[in-house]
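Worksheet for the structure shown next.
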Protein chains: 4
Amino acid sequence: MGRVVIKPQKKSNDKYQRILDAAIIVFAEQGFFRSTVAQIAKAAGVADGTIYLYFKNKEDILVRIFDDKTRQVFARFRVAVDEADNAIDKLRNLIRTHLSEFQNNIHMAVLYQSETHQSTRLVEVQIREMSKMYLDIVSEIVEQGQQENRIRKNLYLGLVKRFILGAVDEVINTWIHSGGTYELASMADPLVSLFINGIGTPQKQGDTSWHKS
Amino acid sequence: MGRVVIKPQKKSNDKYQRILDAAIIVFAEQGFFRSTVAQIAKAAGVADGTIYLYFKNKEDILVRIFDDKTRQVFARFRVAVDEADNAIDKLRNLIRTHLSEFQNNIHMAVLYQSETHQSTRLVEVQIREMSKMYLDIVSEIVEQGQQENRIRKNLYLGLVKRFILGAVDEVINTWIHSGGTYELASMADPLVSLFINGIGTPQKQGDTSWHKS
Amino acid sequence: MGRVVIKPQKKSNDKYQRILDAAIIVFAEQGFFRSTVAQIAKAAGVADGTIYLYFKNKEDILVRIFDDKTRQVFARFRVAVDEADNAIDKLRNLIRTHLSEFQNNIHMAVLYQSETHQSTRLVEVQIREMSKMYLDIVSEIVEQGQQENRIRKNLYLGLVKRFILGAVDEVINTWIHSGGTYELASMADPLVSLFINGIGTPQKQGDTSWHKS
Amino acid sequence: MGRVVIKPQKKSNDKYQRILDAAIIVFAEQGFFRSTVAQIAKAAGVADGTIYLYFKNKEDILVRIFDDKTRQVFARFRVAVDEADNAIDKLRNLIRTHLSEFQNNIHMAVLYQSETHQSTRLVEVQIREMSKMYLDIVSEIVEQGQQENRIRKNLYLGLVKRFILGAVDEVINTWIHSGGTYELASMADPLVSLFINGIGTPQKQGDTSWHKS
DNA sequence: GATGAATGAGAATTCATTCAT
DNA sequence: AATGAATGAATTCTCATTCAT
């Protein structure tokens with residue numbers, strides 16, 4: 001996949017990309033089931049039949065979107081995290097990148113939200129993989145934070161990961177349903193603060209941890 | 001099959017409920033668009049045409065599910081919250097009820113997760129209303145907690161609400177995709193602890209702001 | 001329940017009439033195929049199933065309408081014709097009655113127009129019979145007129161009958177599609193005049209009609 | 001007109017015509033409502049779905065039949081009329097063409113008879129337009145005849161038009177219901193004679209003959 | 001490779017008719 | 001007799017996919 005530049009290949013690749021990009025928009029705007037292959041073809045500026053030269057069927061388009069596009073996005077998460085040193089900064093970089101990538105790509109954000117919350121996912125494998133990748137990064141950060149003594153040690157890591165991912169997801173979902181207007185990335189710092197400090201008053205002995213009762 | 005004869009209720013209400021209950025299962029298992037009216041009819045033990053005596057069309061079934069079922073569930077949240085005195089306990093009751101209601105109603109949980117994360121929702125109005133109801137309860141609790149000095153005052157309330165709802169949602173979503181096997185309600189206390197205390201180490205005094213690096 | 005036996009019988013008859021009358025209106029307004037049995041039942045103020053106590057099926061309603069109602073109307077044509085002495089007056093009475101009956105019964109007029117011009121008539125037998133009855137009356141009148149020397153003898157009777165019936169029908173059809181507003185019966189005299197005198201200028205002599213007498 | 005235009009293809013034009021022609025026959029034989037799209041497709045030798053590449057829906061097929069076919073027919077009336085000089089000959093040409101066109105096109109004749117006599121017409125606009133066109137031609141002829149002193153001047157023109165059109169229509173309708181067997185066009189001359197001379201005895205002021213042959 | 005016309009399986013919905021009450 | 005809920009056959013229309021050009 002890396003060498004490139006052979007003419008027919010390039011041209012094909014061009015159509016492949018155009019179809020993929022068109023599909024992202026059409027799927028995001030109408031949902032997978034309400035979208036028709038004809039709509040995607042029209043949006044991509046190709047004939048209906050051409051779709052089937054590049055994709056096995058309608059569902060395959062969705063699968064490839066997740067294969068190609070979301071992998072790229074998630075790769076950037078890795079980079080962003082590696083750019084920071086301590087756990088808190090890593091977490092902040094992760095969330096900031098997460099929010100800004102989705103902000104720059106509202107159609108992918110919509111697709112991702114929609115597909116991840118389906119019970120019978122069309123892209124089950126891909127989502128599991130990406131979800132795991134994301135949660136592994138968070139795990140890594142949390143564990144580093146614990147070593148750095150910036151993050152508490154008596155945590156249920158499996159839950160902490162959901163806690164963080166879920167909050168970020170919901171912020172994105174709210175943004176989507178508001179029409180994607182306001183500045184999403186600016187939510188990163190306040191979110192990290194909530195993750196780290198919680199909402200409780202710090203001065204109290206305040207331990208309401210779950211293992212108590 | 002012969003001994004226990006359950007009388008077919010002459011009350012049409014019976015059929016209405018049977019169709020509704022059947023639809024919840026079918027929609028949850030296959031998704032709205034992959035489900036056919038014939039499947040629902042079969043699951044409900046009625047003829048295809050009978051569906052249309054009780055529902056305007058396929059979409060109307062989904063709308064009524066949200067109108068009827070989820071309202072009932074959300075009414076219980078209110079009750080649970082009112083049973084507690086202080087804000088922390090209210091929050092714990094809310095989340096515990098939320099989790100246990102969805103645990104007892106996995107199909108509704110699936111439907112709810114799916115519909116709330118669609119971009120073009122079929123039940124937009126209902127979801128907006130319920131979402132607002134839920135977030136209002138959370139607001140109320142947070143504000144009471146601030147008066148009780150149990151919850152910090154320098155909070156961005158709009159974000160705090162998403163932060164809490166998102167985390168709970170993600171816990172439910174994870175549970176659904178694990179097959180709904182483990183005890184969901186037991187996540188309530190650990191979650192509340194995370195909300196209140198965050199994941200940061202508490203020993204640092206006075207640092208409650210997020211912009212301090 | 002068995003005490004009063006007379007009432008139900010009368011009541012039944014009442015229901016029969018109500019259904020028939022309701023059906024005439026519904027069929028006229030929507031056409032036979034677009035009308036539903038449920039609509040007729042509702043218009044008649046009876047239950048759907050009740051229709052089937054009085055009529056074999058939907059088509060049977062239409063048949064009975066023609067059997068009952070139109071026979072009554074055509075009976076009056078006979079009476080009107082018999083009230084006049086000479087052929088011209090008989091023709092005038094026939095047409096005047098025809099127009100005024102249909103004017104007083106626009107829904108029947110609509111039904112009649114519609115059904116008589118269908119290729120596969122649902123009431124073929126009835127229409128043939130009534131058509132014959134009408135044309136026979138016209139024949140009778142024309143023949144009497146020929147004996148009275150009021151009507152030409154070198155006529156193709158089969159055509160003359162159509163010529164008269166067609167013109168009257170078209171006048172009615174035009175009236176229907178104008179909304180049935182103006183005075184239909186007033187067309188009788190001018191029509192008869194056209195039938196008798198034609199539209200040609202009378203002054204010429206030395207007749208050469210279309211076939212050599 | 002702002003109708004939705006369906007792609008006029010070169011090769012597909014063939015299919016368009018085949019569907020149209022098949023539909024004329026199917027509609028004529030069974031009536032619009034009893035005809036199914038599947039029947040038309042089968043008669044045209046195409047798949048059911050193919051119909052919808054060329055027509056918006058079932059009703060659209062009927063509309064296009066009237067748009068396309070009947071306009072052609074009516075155009076010929078104009079030509080036939082223009083070929084004659086005096087009013088009587090024009091009228092004869094009109095009626096002769098009318099009868100022979102419908103004779104050569106019995107299915108269209110059936111469709112036309114049926115649709116024009118419906119109260120709620122599916123092709124209201126088209127029929128109104130064609131009806132007006134026809135009646136305008138008749139008006140023109142009559143007025144010319146009056147100038148030529150071949151047609152009486154004290155006529156109610158609105159009625160005369162109906163009188164002529166109705167008689168012709170009825171002759172066609174009778175022919176249709178006889179099975180379309182005999183020679184329809186041969187009715188033209190006798191009909192014109194009836195229009196001109198009427199059926200009354202000319203004894204008063206002599207003859208009412210309309211032409212010298 | 002591209003095309004887009006053609007296909008036909010499949011789905012939603014309607015409604016005449018039946019039948020238990 | 002009267003009801004009207006229930007039925008399911010029948011119909012219209014959509015759209016993913018194919019294939020001849």
Side-chain angles (χ1 to χ4, degrees), chain A residues 7-9 11-12 15 33-42 45-61, chain B residues 8-16 33-41 45-61, chain C residues 1-2 4-5 7-9 11-12 15 33-42 45-61, chain D residues 6-7 9-16 33-41 45-60:
Chain A
K7 263 213 172 117
Q9 179 69 357
K11 190 164 191 238
S12 301
K15 288 236 167 89
F33 290 103
R34 268 189 292 232
S35 302
T36 69
V37 172
Q39 285 175 323
I40 296 168
K42 194 176 177 191
V46 300
D48 295 13
T50 304
I51 302 270
Y52 291 85
L53 297 175
Y54 297 94
F55 300 89
K56 195 152 60 69
N57 52 34
K58 184 183 168 188
E59 193 171 319
D60 187 41
I61 306 176
Chain B
Q9 306 298 322
K10 46 195 161 189
K11 198 61 218 125
S12 50
N13 197 358
D14 173 47
K15 288 239 166 83
Y16 177 85
F33 289 103
R34 265 189 295 233
S35 304
T36 70
V37 172
Q39 284 175 325
I40 296 168
V46 301
D48 294 15
T50 304
I51 302 274
Y52 293 87
L53 296 178
Y54 297 94
F55 300 89
K56 197 153 56 68
N57 52 35
K58 184 182 164 189
E59 191 171 323
D60 188 40
I61 305 176
Chain C
M1 292 297 172
V4 181
V5 188
K7 272 240 163 80
Q9 178 64 358
K11 200 168 186 222
S12 297
K15 288 233 168 95
F33 289 104
R34 266 188 293 230
S35 303
T36 70
V37 173
Q39 284 175 324
I40 296 168
K42 193 175 177 192
V46 301
D48 294 13
T50 304
I51 302 269
Y52 291 85
L53 296 176
Y54 297 94
F55 300 89
K56 195 152 59 70
N57 52 35
K58 184 182 167 188
E59 193 171 322
D60 187 40
I61 305 175
Chain D
I6 305 211
K7 323 154 193 179
Q9 251 69 31
K10 34 222 155 179
K11 176 190 149 202
S12 52
N13 207 356
D14 169 47
K15 289 240 165 83
Y16 177 84
F33 290 104
R34 264 189 296 231
S35 303
T36 69
V37 173
Q39 284 174 325
I40 297 168
V46 300
D48 294 15
T50 304
I51 302 272
Y52 293 89
L53 296 178
Y54 298 94
F55 301 90
K56 198 153 56 70
N57 51 36
K58 184 182 164 187
E59 191 171 322
D60 188 41

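In what follows, chains carry the letters A, B, and so on, assigned in the order in which the sequence lines appear, proteins first and then strands, with residues in each chain numbered from 1. What you see below is based on every heavy atom in this structure, not just the backbone, and it leaves out hydrogens, waters and symmetry mates.
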Whole Å only: how far is the [atom1] atom of [X] from the [atom2] atom of [N]?
X	N	atom1	atom2	value
B/Arg34	F/dA16	CZ	P	14 Å
C/Gln39	E/dT14	CD	C1'	12 Å
C/Ile40	E/dT17	CD1	P	11 Å
D/Asp60	F/dT12	CG	P	14 Å
A/Phe55	F/dT18	CZ	P	16 Å
A/Glu59	F/dC15	CD	C1'	16 Å
C/Phe33	E/dA16	CZ	C1'	13 Å

Item to check | Toward the 5' end of DNA chain E, by each residue's nearest nucleotide, C/Lys56 or B/Asp48 | outcome: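 Between the two, 5'-proximity favours B/Asp48.
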
Next on the checklist: By nearest heavy atom, map C/Lys58 and A/Ile51 onto DNA chain E; which one lands nearer the 5' end?
Outcome noted: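 Result of the comparison: A/Ile51.
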
Heavy-atom pair of closest approach, residues [X] and [Y]:
X	Y	answer
A/Lys58	A/Phe33	NZ-O, 3.8 Å
B/Gln39	B/Arg34	OE1-O, 3.7 Å
D/Phe55	D/Asp60	CA-OD2, 3.5 Å

Item to check | Candidate nucleotides E/dG4, F/dT3, E/dT17, ranked by approach to the side chain of C/Val37 - the nearest | outcome: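 Of E/dG4, F/dT3, E/dT17, E/dT17 is nearest to the side chain of C/Val37.
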
Ignoring backbone atoms, establish whether [X] has a side-chain N or O less than 4.0 Å from OP1 or OP2 of [N].
X	N	value
A/Lys15	E/dA2	yes
B/Tyr52	E/dT14	no
D/Thr36	F/dT11	no
A/Tyr54	E/dA2	yes

Checklist entry - Which comes earlier along DNA chain F counting from the 5' end, the contact point of A/Ser35 or that of B/Leu53, where each point is its nearest nucleotide? => result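 The residue whose closest nucleotide sits nearer the 5' end is B/Leu53.
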
Item to check | Upstream residue (5' side of DNA chain F) when D/Ala38 and C/Gly49 are each assigned their closest nucleotide | outcome: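 That would be C/Gly49.
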
Item to check | Point-to-point distance, once rounded to the nearest 0.5 Å, from CD1 of A/Ile40 to CD1 of A/Ile51 | outcome: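 Answer for the CD1-CD1 pair, A/Ile40 versus A/Ile51, is 6.0 Å.
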
